Protein chains: 2
Amino acid sequence: MDDVPLTIARTSAGDPARTIELLWRRPGARPAQRGPRQGHTVDEVVAAAIAVADEEGLDATTMRRVAQALGIGTMSLYTYVPGKAELLDLMLDTVLGQMPRPDLADLPWRARLEAVARANLTLYERHPWMLAVSTTRPPLGPGVLAKYEHELRAFEGLGLGDVEMDAALTYLLGFVHASARSAADQRAAQNDAMTDEQWWAVSSPLLARLSDEAAYPTASRVGAAAGAAHQAAYSADHAYEFGLERVLDGLQVLIERR
Amino acid sequence: MDDVPLTIARTSAGDPARTIELLWRRPGARPAQRGPRQGHTVDEVVAAAIAVADEEGLDATTMRRVAQALGIGTMSLYTYVPGKAELLDLMLDTVLGQMPRPDLADLPWRARLEAVARANLTLYERHPWMLAVSTTRPPLGPGVLAKYEHELRAFEGLGLGDVEMDAALTYLLGFVHASARSAADQRAAQNDAMTDEQWWAVSSPLLARLSDEAAYPTASRVGAAAGAAHQAAYSADHAYEFGLERVLDGLQVLIERR
DNA sequence: CAGTACATCGTACTATGTACGGAGTTATGC
DNA sequence: GCATAACTCCGTACATAGTACGATGTACTG
């Protein structure tokens, strides 16, 4: 505990110290002593940014847009956060901190892991913009740490070593992230539904190619079946359940070796 | 085969027909009949863009930068591709099309899947910018289709149904993607290595918080172990191997039920 | 009261994608 | 041969987004 090389990574190209300082800010912290009082708090800024991102997506979440939501000038925003990247870090940490964290201790391990996975999937559904954030390791803010603590607990008592616990959690969360991406893409594709004639306009060169060469027998067959499945409401959640079973079975093999 | 609802999704907000047309362009296709001949081909444009992205990252791969690499004016680029999003689609399809596709038929199924996974991981290592592309389903170009065909073949003979094959492949590729992201983040963090005094400046508020509250017992313990592991060269490939074993074990449980 | 700290925010700059139209080149049809 | 149309190249200008910089106003300190 006295030499904790907890990995510190950040999306921000700014000052790491300032990012951490903001992440771990306290409500009663010593405010500025002179000059006018700020009209908002960092919490309010972050909340406004999250609301805009949830409602309009990350592309629309510009400094101008967030400032507008708060009723302040764009450049005023920079008195709260040093830059956009830091704002993103704060947004991420905040939504992670807001996740429900029920006590899972009495559940069997598979149910615990399922609960963790489901909570993460729900998080992505509620905040789709998170998928557009590229880092797997945000800065170590209170939300990140509380989440990590809670989720690691789901792996306790399974006979895994510390590094294995981290790796197993990473594995589970990686799967959920991939599922969330896939589901989001599918929703986007459905929202872009094409008319039949548009579809034919797009597809005719493709179909010609497929017919000419029969170069893709397996892909044609499987793709057709998968495509048909994807038109049904079945798809995203079923794919998730399939994958989660694979994930849990894979972990079960490991756990039963202990 | 006569009503192939192959899912068509795209990163482009442009004309889907034009995207597909470009993806499936042929070298000997009928060129323009009038006006000066183009100085480059679409292939050359895409190759230049890939080279820039590989070398400098996706953020640096601006239309201006690609045009400069080709020695043409920025706006000339638009006579080859309608926009940046389409260029991205073309880049993606091209690198997928360039993947080696050895015949895996004589290998046992786990080795086949390992080969598929490793090829995908290598692809991300060679083209890290791919991680910044958000879609799980690029447009159906020749590269995407050839890759899909090749990879599905690795799942043949395992007793899986068509939809299951697609889901299993999705599951495997999702894992690889997550691993690639994690490895890339780690490389980035190492390249950002902080001096000891920078580290203390950043970490002291964090350590104070951890010490004050002992609120994160598991996270502290596991995070320390995982952090230490991550400082070693061990980490990324070991995490990948750990996860791949889980993936394969999880699939094995399924396959052995058939 | 003068000086300092601090909040607000307009202006201007950099960077990026691309609409638009001018200039030049090549083919077609009369 | 010429007018017209198709086509390539590309400069200019515009919209958008992040943010540096400094002017203005407010509140505290000695």
Side-chain angles (χ1 to χ4, degrees), chain A residues 11-15 18-19 21-22 25 29-45 48-49 52-53 56-91 129 132-133, chain B residues 11-15 18-19 21-22 25 29-45 48-49 52-53 56-91 129 132-133:
Chain A
T11 54
S12 169
D15 179 8
R18 180 71 179 128
T19 302
E21 197 179 299
L22 279 168
R25 69 196 180 278
R30 182 172 174 275
Q33 298 296 97
R34 303 183 188 188
R37 296 290 88 79
Q38 283 189 315
H40 295 273
T41 62
V42 173
D43 283 1
E44 284 168 351
V45 170
V52 171
E56 300 166 29
L58 201 58
D59 285 346
T61 309
T62 62
M63 298 304 269
R64 285 172 173 81
R65 180 68 189 85
V66 176
Q68 181 196 40
L70 287 162
I72 61 175
T74 307
M75 297 311 298
S76 306
L77 211 44
Y78 289 85
T79 59
Y80 296 88
V81 294
K84 180 144 184 206
E86 289 90 346
L87 179 57
L88 270 192
D89 287 336
L90 291 166
M91 287 162 66
W129 53 268
V133 177
Chain B
T11 54
S12 169
D15 180 7
R18 180 72 179 125
T19 300
E21 198 180 300
L22 279 168
R25 68 194 179 279
R30 182 170 175 277
Q33 298 295 97
R34 304 182 184 190
R37 297 288 86 82
Q38 283 190 315
H40 295 272
T41 62
V42 173
D43 283 0
E44 284 168 351
V45 169
V52 170
E56 301 167 30
L58 201 57
D59 284 347
T61 310
T62 63
M63 299 303 270
R64 286 172 172 83
R65 181 67 189 85
V66 175
Q68 179 196 41
L70 287 163
I72 63 174
T74 306
M75 297 310 298
S76 306
L77 210 44
Y78 289 86
T79 59
Y80 297 88
V81 294
K84 182 151 184 202
E86 289 90 347
L87 180 58
L88 269 192
D89 287 336
L90 291 166
M91 287 161 66
W129 53 268
V133 176

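Note that the structure is a prediction, hence the values are computed from the model and not measured.
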* Can you give one letter per nucleotide of nucleotides 16-24 of chain D, going 5' to 3': B for a protein heavy atom under 4.0 Å from the base, S for sugar-phosphate only, - for none? -> -BBBBB---
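- Whole-Å rounding puts the Arg65(B) CZ to dG17(C) C1' distance at 17 Å.
- Qualifying side-chain contact (heavy atoms from CB on, under 4.5 Å) partners for Met75(B), counting only residues two or more places apart in sequence or in other chains: Tyr78(B).
- Shown here are the side-chain contact (heavy atoms from CB on, under 4.5 Å) partners of Pro36(B), two or more places apart in sequence or in another chain: there are none.
- Looking at heavy atoms from C-beta onward, Leu88(B) lies out of side-chain contact with Thr61(B) at the 4.5 angstrom threshold.
- A search for side-chain contact (heavy atoms from CB on, under 4.5 Å) contacts involving Thr62(B) returns Arg64(B), Arg65(B), not counting sequence neighbours.
- The distance between atom CG of Leu70(B) and atom C1' of dC9(D), rounded to the nearest whole Å, is 14 Å.
- Between Met63(A) and Leu87(A) the shortest side-chain heavy-atom distance falls below 4.5 Å.
- Listed pair Thr79(A) / dA7(C) fails the phosphate criterion, with no side-chain N or O lying under 4.0 Å from OP1 or OP2.
- Taking every heavy atom of both residues into account, Val81(B) and Leu90(B) meet most closely at CG1-CD1, 3.6 Å.
- For DNA chain C, the residues of residues 38-45 of chain A within the heavy-atom distance limit of 4.0 Å (strictly under) are Gln38(A), Gly39(A), sorted by number.
- Remark: the backbone N or O of Arg18(B) is not paired with any side-chain donor or acceptor of Glu86(B) at under 3.5 angstrom.
- Sequence neighbours left out, not one pair with a member in residues 73-84 of chain A passes salt bridge (Lys or Arg N to Asp or Glu O under 4.0 Å).
- In this structure, Arg37(B) contributes its side chain and Ala32(B) its backbone to a donor-acceptor pair below 3.5 Å.
- A close approach under 4.0 Å does occur between a side-chain nitrogen or oxygen of Ser76(A) and OP1 or OP2 of dC9(C).
- Put simply, CG on Leu87(B) is 14 Å from C1' on dT16(C), counting in whole angstrom units.
- Annotation for Arg25(B) and Val42(B): closest pair NE-CG1, 3.5 Å, computed over non-hydrogen atoms.
- Closest approach of Leu58(B) to Ala132(B), counting heavy atoms only: CD2-CB, 3.8 Å.
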Nucleotide N/O of nucleotides 27-30 of chain C paired with protein N/O under 3.5 Å:
unit_1	atom_1	unit_2	atom_2	d
dT28(C)	O4'	Arg34(B)	NH2	3.0

